[in-house]
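Taking it in order: structure first as structure tokens, then the write-up.
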Amino acid sequence: MRLRTIIDFMSPGIIALACGLAAAALAQEPPVKLEVDATDATRKILHAHLQFPVHPGPLTLLYPKWIPGEHEPDGPITDLSGLKMSALGKPAAWRRDDDDMFSFHVQVPAGADRLEVALDFLLPPSSEGFSSGASATAQLLVLSWNQALLYPAGVKASDVKYSASLRMPAGWKFATALPLAGGSAPAVSFATVSLETLVDSPVIMGNYLRTIDLTPGEHPAHTLNLVADSAAALEIKPEDARHFAHLVAETGALFGARHYGSYHFLLTLSDHVAHFGLEHHESSDDREGEKYLTDEDYRNTAAYLLCHEMVHSWNGKYRRPAGLATPDFQKPMKGELLWVYEGLTDYLGIILTARSGLWTNGNFQDYLALEAARLEHTPGREWRPLADTTIAAQLLYEAREEQASSRRGVDFYDEGDLIWLEADVLIRQKTGGAKSLDDFCKKFHGGESGPPKVVPYTEDDVVAALNEVAPNDWREFFRTRVYETAPRAPLGGIEGSGWRLAYTNTVSPMLKSRESEKKYTDMSCSLGFTVKEDGSISDVIAGSPADEAGVGTGMKLLGVNGRHWTPEILRAAVKEAATNASPVELLVENEDYFKTCPVNYHGGEKYPLLERDTAKPDLLSQILKPLTPEPDLR
Ligand SMILES: [Zn+2]
């Protein structure tokens, strides 16, 4: 998964008995029948009907709680509505479990071999979040099957079979990795698959939908499927389509094998859905604003999204930390190895963004500089090792963005980039350039091509595979970087690759686009805070000049040196303060009270960039070099 909000904004005895009996009450054949009626999606309602093959006796049905790839128990149970069960034509009373709010008990009457279940899912209006955030607009819907179904307790998601069908509004088209069995839009039925595959196969549908074949005539097939709130949003530039085709070629060269029958990017372009990406074996649910493909500045701020999610097909879905490879959607996931699952994916994702041409090397460098500088200005590092952000990921994805520098957020993405870059550089140095992290990827994530499967791993497996590529004390390498607190960000990879983190008084194009898109001003490396467009101060770096002057999170910036504040006036004041001894006077409102905070800072504007260190070879440019030529997409 890749989130947009937290990181980009400165920083996203009865049950046991019942379960034991439940399997006995569920018949294994025929498959569970699921009909989803999405014709009311534009009014934010899904209707679903399920038919379970059963035997008489007690049965427990579950609503999916832990959503794969989201690493937290955020199944949207409060939006489950209209739940009714019946058997032999009569209502069957259900009772929610007292301890587990996602669990429903029912008694299947004697003589019944089927249980009918009707339910509605109330799609949220504009809201942030992941797949349970906003997913429907007046023109489109992203359907996550887990939101509109129940499943029997006591069975593995890979063992229980579902036959799903779908009705959508008239005139809509759809795209999904789920194999079709029959029908055509607006009413289709899908092949019988395991519950695991069904939940792993979301569907995008809408009035404006376009499919681009990224690997014409090749097997496996790769398609870029776009659904949007307008026809204009589908107008992808031909060079961008070529870059996405190049991304596909680059993943083949990097991993050497593919673990899917076909791959579908499902890209939703709307200002009214939650913005994030969610990985699946054979597809990715990628959601960005309506202008993502048509506004180059905007696309640059999140150009890595599809690359990141596609990498997950290998790192996250095929190879998965044992603690995250759970048999169903109720067993809690253990996030400790998210520094591999997300950290390595994030590194490979941004590398591939450059290799595929979606970014220039300059874009990559600006991006990495912003991440490194943010992690350098994160005092929360002093109390919280990176490993605690992975173990507590299920809390941190939901944490407020305010004061993230003290709390730390899901830093294993950005810090993963730095740590895996350092691993890449070390391998190249230790083998005299003969090997790189690419060799590790082939060994660890490659193998034989074939249909989706899950091969779990432990930290020992990661260390052993790295040692096969380049012998090193990798356990110690990760122990010091992941499991110990470190006040400074791990910059060894940047420095070892022939570059250094430096600061300039000019805002980089990447930061400028990010500020404009996210509507904030980043003064974290100078005064020590970030401020939103409306003046609210979202983060004050502990120990910074602003912190020492009494500025606090949640205050509202009103004026700078006696004048109504704007980002330009704030930046001009910082520039001027570098030439004299007067403090930068910030007038702030703290709820109903006003105060002036004199900030004694005279270091001038400071924005991060990567600077070339000519004393060392430029390994970074070698890392960013594509492995394949750009395909000719006609
Ligand atoms: Zn991810």
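Read the numbers this way: they start at 1 and go in the same order the structure lists the ligands and their atoms.
Not a single side-chain hydrogen bond (donor to acceptor under 3.5 Å, both in side chains) links E402 to another residue, sequence neighbours left out. D240 is linked by a side-chain hydrogen bond (donor to acceptor under 3.5 Å, both in side chains) to R299, counting only residues two or more places apart in sequence or in another chain.
Taking the Zn ion (ligand 1) as the apex, the angle formed with NE2 of H308 and N of M1 is 140°, to the nearest 10 degrees.
Within the 2.8 Å limit, Y341 places no N, O or S atom next to the Zn ion (ligand 1). Within the 2.8 Å limit, E342 places at least one N, O or S atom next to the Zn ion (ligand 1).
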Side chain to side chain contact (heavy atoms under 4.5 Å, CB included) between T353 and F364, worked out:
CA-CA 8 Å; T353 309; F364 178 94; over 6 Å; no
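Two rings, from F190 and W145, have their centers less than 6.0 Å apart.
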